[in-house]
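Below, all heavy atoms of this structure are taken into account, side chains as well, without hydrogens, waters or symmetry copies.
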Amino acid sequence: MPSIHNGEQPTFQIGELAKRTDLSIDAIRFYERRKLLPPASRSTGRFRLYTTDAIERLRFVQRMQGLGFSLQEIKELMGVRGDRAHACSAVREFLKTKLADVAVRIRELQQLDTELKADLRRCNRALKQQRGKTCTCPVLEGEERASNA
């Protein structure tokens with residue numbers, strides 16, 4: 001649908017915003033309810049009207065979610081955007097915190113990787129020893145022993 005001009009800035013309806021941001025209409029409404037988008041102005045027919053600012057905000061939300069920020073963190077970051085004088089130092093703190101979180105997750109995933117590889121080796125050894133005969137799974141047996149202890 002072509003843009004509707006409201007005053008000086010072009011506006012468009014939610015369907016057009018969805019197309020321009022590759023988001024569903026439901027996702028846009030969700031972000032509105034979470035106050036990541038300011039309430040849209042309304043046309044005389046009560047249709048929501050958005051400006052290019054909405055596109056920028058939604059792209060920012062998508063980019064920050066891609067970096068692992070929660071919606072609450074994104075909302076806080078949006079608040080920081082308005083305070084240009086202190087924005088960089090505030091964002092720096094957000095990034096340092098997020099990097100620390102990522103480091104913890106990496107350690108947890110490395111531990112999971114180690115455990116999964118050990119269990120796979122146990123299964124491979126058991127299957128090799130049985131040479132096609134049925135055998136009990138050492139991983140499942142280990143789980144039963146751990147839960148009975």
Side-chain angles (χ1 to χ4, degrees), residues 1-127 137-149:
M1 172 178 268
S3 296
I4 302 165
H5 291 282
N6 182 7
E8 60 191 54
Q9 198 174 51
T11 59
F12 41 91
Q13 293 179 8
I14 197 167
E16 181 66 21
L17 180 61
K19 284 180 195 171
R20 292 183 185 201
T21 59
D22 289 327
L23 290 169
S24 69
I25 290 171
D26 287 337
I28 293 168
R29 289 182 180 145
F30 173 80
Y31 290 135
E32 279 183 321
R33 285 191 304 273
R34 294 284 192 254
K35 306 226 185 297
L36 292 165
L37 271 180
S41 62
R42 299 283 182 151
S43 70
T44 54
R46 303 290 300 146
F47 292 104
R48 288 177 169 96
L49 296 177
Y50 299 92
T51 64
T52 54
D53 179 59
I55 295 171
E56 292 170 20
R57 288 177 72 92
L58 289 171
R59 286 183 180 156
F60 177 78
V61 169
Q62 290 172 301
R63 193 171 78 240
M64 293 299 103
Q65 280 186 306
L67 293 174
F69 286 95
S70 69
L71 293 181
Q72 181 58 42
E73 290 169 328
I74 295 168
K75 189 187 263 187
E76 291 172 29
L77 282 167
M78 285 182 159
V80 168
R81 287 175 84 184
D83 182 9
R84 298 233 186 254
H86 303 100
C88 195
S89 60
V91 169
R92 180 175 170 252
E93 292 306 312
F94 271 99
L95 293 174
K96 284 170 55 177
T97 301
K98 189 53 66 180
L99 277 171
D101 293 345
V102 167
V104 168
R105 284 198 346 235
I106 288 171
R107 284 193 298 276
E108 290 170 348
L109 287 170
Q110 287 171 332
Q111 179 63 34
L112 178 60
D113 179 71
T114 299
E115 291 173 20
L116 289 171
K117 285 178 180 174
D119 284 345
L120 181 59
R121 283 192 300 273
R122 289 171 61 200
C123 284
N124 286 339
R125 268 195 308 274
L127 290 170
C137 177
V139 174
L140 295 178
E141 284 183 11
E143 291 290 327
E144 287 177 13
R145 274 191 243 122
S147 64
N148 289 338

What's the spacing between [X] [atom1] and [Y] [atom2] if we round to 0.5 Å?
X	Y	atom1	atom2	answer
Leu17	Thr51	CG	OG1	9.0 Å
Arg59	Leu23	CZ	CG	10.0 Å
Leu95	Cys88	CG	SG	9.0 Å
Glu76	Leu71	CD	CG	11.5 Å
Ile14	Thr21	CD1	OG1	9.0 Å
Gln110	Arg105	CD	CZ	13.0 Å

Tyr31 and Gln62 side chains, donor-acceptor separation under 3.5 Å: no

Within a reach of under 6.0 Å around CZ of Phe94, are more than 12 heavy atoms found that belong to other residues, nucleotides or ligands? yes

Report the residue from Glu115, Glu108, Arg107 that forms a side-chain hydrogen bond (donor to acceptor under 3.5 Å, both in side chains) with Gln111. Glu115

Salt-bridged, Glu32 to Arg29, with N to O below 4.0 Å? no

Should the pair Asp113-Lys117 be classified as a salt bridge under the 4.0 Å nitrogen-to-oxygen rule? yes

Give me the atom names and distance for the closest heavy-atom approach of [X] to [Y].
X	Y	result
Val61	Ile74	O-CD1, 3.7 Å
Leu49	Ala40	O-CB, 3.5 Å
Phe69	Glu73	CA-OE1, 3.2 Å
Ala18	Ser24	CB-C, 4.3 Å

So, does Lys35 use its side chain to make a donor-acceptor pair with the main chain of Lys75 at under 3.5 Å? no

Just by modelled atom types, is the Gly68 backbone N or O under 3.5 Å from a matching donor or acceptor in the Lys98 side chain? yes

